[in-house]
Amino acid sequence: MAVITYELLHRDAETGARAGILHTPHGSFPTPMFMPVGTQAAVKVLSPEEVAATGAGIILSNTYHLFLRPGADVVAAAGGLHTFMRWPHAMLTDSGGFQVFSLGDMRKIKEEGVYFRSHIDGSPRFLSPEVSTEVQQQLGADIAMAFDECIPYPADYEYAKQSTERTTRWAKRCLAVHSHPRQGMFGIVQGGMYRDLRERSAAEITALPFDGFAIGGLSVGEPHELMYEVLDYTTELLPADKARYLMGVGTPDCLVEGVARGVDMFDCVYPTRVARNGMAMTREGRINIKNKQYERDFGALTEHCGCYTCRNYTRAYLRHLVKAEEPFLGRLLSIHNLHFLQDFMREMRAAILADEFTAFRKRFWEHFSR
């Protein structure tokens, strides 16, 4: 029996939006869901308890970074990533592929894997489907991701074709060595911005016995409209009885449009990254708390938000923290941004279950500004 299963509860009558439950060894969680990112076994500036208090039931951690430091053997000796970082809920680890391919001239892609130099000390390293899978088994997350090649944007057709074919071969190699009894694995559909390659990749990857499927190679710099166009035809190629995961997406506009196209899972560093720069997320868009207009604004950061930050601190105080360069600001805004996204996902789920998602989406776009 699969250790990771997806239960589809309802599909919105007018769109492709889905409400379901993701079942994992560390609990069952409603979808659609947003997963905070704990790149180096920590969601930046927050404790595991603070992350859980925002409503998050599953987080993501990064294979590439943990492979380099402290090393998968250290994490395994600690009892696995859940024990190491004191996170008792569900967890997903990416394959490290995106980070490796982002190294540019510091890496060489071969059929056997990727040779690269560590961004920490320049030492030569190697990641392959087998190495990535073994590292993720040592980390022990509930969900491991297959090692794929992330196609940059833009990319010419021939490069995208060869890369997509390699991702399929690598996916098979990942499955051949994956044996962790309490860990599932998701495959990743690639294909760049080319419809025929996306269709081919989806057919090949979904034919393999993965526990869920991710859509990779989006949110890599392409216009939002192009991402939505690719999603329009890609999500429908994925099995209805398994979870669908759009990698690297975390702004409200992209979340709404991803959910509308049938995506169940999302992740992104965006909410915590912008928090450290003084940005608060709202349904109308971002608040830049650095602005002088907030200097004597003693109201809550946002109305009708029940997070710790909005219950206890004013805009004036948060602006003071920015000007004083106090790290506490990043913590307070990270709490707010993650809480906001969890509430946002819950509201979308309720709208789907009530067949009111189209109205929810319309109201959102009437008020949101990029």
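Below, all heavy atoms of this structure are taken into account, side chains as well, without hydrogens, waters or symmetry copies.
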- Task: Nearest 0.5 Å please: distance from the CG atom of Leu92 over to the CE atom of Met247.
- Result: 7.5 Å
- Item | Residues Arg11 and Glu236 bridged, charged N to O under 4.0 Å | yes
- Query: Are Lys323 and Lys290 side-chain neighbours, meaning at least one heavy-atom pair lies under 4.5 Å?
  - Reply: no
- Message: Please confirm whether the ring centroid of Phe34 lies under 6.0 Å from the ring centroid of Phe266.
- Response: no
- What is the minimum heavy-atom distance between Ala260 and Thr15, and which atoms define it? O-CB, 3.8 Å
- Message: Below 30° counts as parallel, above 60° as perpendicular, anything between as tilted: where do the rings of His224 and Tyr228 land?
- Response: tilted
- Query: Is the shortest distance from a Lys or Arg side-chain nitrogen in Arg200 or Glu165 to a carboxylate oxygen in the other one below 4.0 Å?
  - Reply: yes
- Give the ring-plane orientation class for Phe126 versus Tyr115, where under 30° counts as parallel, over 60° as perpendicular and anything between as tilted. tilted
- Side-chain H-bond candidate by donor/acceptor type, Asn288 with Tyr294, under 3.5 Å: no
- Message: Given 3.5 Å as the limit, does a donor-acceptor pair link the side chain of Thr235 with the main chain of Arg261, or not?
- Response: yes
- Task: Compute the ring centroids of His119 and Tyr64, then answer whether they are less than 6.0 Å apart.
- Result: yes
- Heavy-atom side-chain contact between Ile151 and Tyr159 under 4.5 Å: yes
- Interatomic spacing from OG in Ser163 to NZ in Lys161 - rounded to 0.5 Å: 11.5 Å
- First locate atom SG of Cys310, then atom NE2 of His336, and finally report the distance between them rounded to the nearest 0.5 Å. 5.0 Å
- Item | Donor-acceptor pair between Ser334 and Asn337 side chains, under 3.5 angstrom | no
- Query: To the nearest 0.5 Å, how far apart are CZ in Arg319 and CG in Asp297?
  - Reply: 11.0 Å
- In Å and rounded to the nearest 0.5 Å, what is the CE to CZ distance from Met106 to Phe116? 9.0 Å
- Taking the side chain from Ser201 and the backbone from Leu197, do they hold a donor-acceptor pair closer than 3.5 Å? no
- Item | Salt-bridge present (Glu295, Arg315; N to O < 4.0 Å) | no
- Side chain of Gln137, backbone of His180: donor and acceptor closer than 3.5 Å? yes
- Query: Quick one: are Leu9 and Thr31 in side-chain contact, heavy atoms under 4.5 Å?
  - Reply: no
- What are the two closest non-hydrogen atoms of Cys268 and Gly248, and how far apart are they? SG-O, 3.7 Å
- Query: Any side-chain donor-acceptor pair under 3.5 Å between Tyr6 and Asp264?
  - Reply: yes
- Message: Ignoring hydrogens, what is the shortest heavy-atom contact between Arg117 and Leu103? Give both atom names and the distance.
- Response: O-CD1, 4.0 Å
- Side-chain H-bond candidate by donor/acceptor type, Thr93 with Gln136, under 3.5 Å: yes
- Query: Any sub-3.5 Å donor-acceptor pair from Thr206's side-chain atoms to Ala202's backbone N or O?
  - Reply: yes
- Query: Can you list the steps and then say if Phe186 with Phe210 is a ring-ring contact (aromatic ring centres under 6.0 Å, His included)?
  - Reply: CA-CA 5 Å; Phe186 282 17; Phe210 285 112; 8.5 Å; no
- Task: Would you please say whether a donor-acceptor pair under 3.5 Å links the side chains of Gln99 and Asn62?
- Result: yes
- Message: Using modelled atom types and a 3.5 Å cut-off, is there a donor and acceptor pairing between side-chain atoms of Thr167 and backbone atoms of Glu149?
- Response: yes
- Query: Does the side chain of Thr272 come within less than 4.5 Å of Val37's, by heavy atoms?
  - Reply: no
- Task: Would you verify whether the NZ or CZ of Arg125 falls within 45 degrees of the ring axis of Phe67 while also being under 6.0 Å from that six-membered ring's centre?
- Result: yes
- Rounded to the nearest 0.5 Å, what's the gap from CG on Leu301 to SG on Cys307? Could you check? 7.0 Å
- Residues Val256 and Arg361: closest non-hydrogen pair is CG1-CG, 3.6 Å
- Message: For Phe344 and Phe360, take the angle between the two ring planes, folded into 0 to 90°, and tell me which bin it lands in: parallel under 30, tilted 30 to 60, perpendicular over 60.
- Response: tilted
- For residues Ser95 and Asp148, determine if any side-chain heavy atom of one lies less than 4.5 Å from a side-chain heavy atom of the other. yes
- Donor-acceptor under 3.5 Å (Arg18 side chain, Ala240 main chain): yes
- Task: Evaluate the side-chain proximity of Leu231 to Met227: yes if any heavy-atom separation is below 4.5 Å, no if none is.
- Result: yes
- Do Tyr157 and Asp196 get their side chains close enough for a donor-acceptor pair, meaning under 3.5 Å? yes
- Query: Val259 versus Ile352: any side-chain heavy-atom pair under 4.5 Å?
  - Reply: yes
- Item | Side-chain donor or acceptor of Thr24 paired with backbone N/O of Gly27 under 3.5 Å | yes
- Query: Just by distance, with hydrogens left out, do His23 and Glu7 show a side-chain donor and acceptor under 3.5 Å apart?
  - Reply: yes
- Task: Examine the side chains of Trp365 and Glu257 and answer whether a donor and an acceptor come within less than 3.5 Å of each other.
- Result: yes
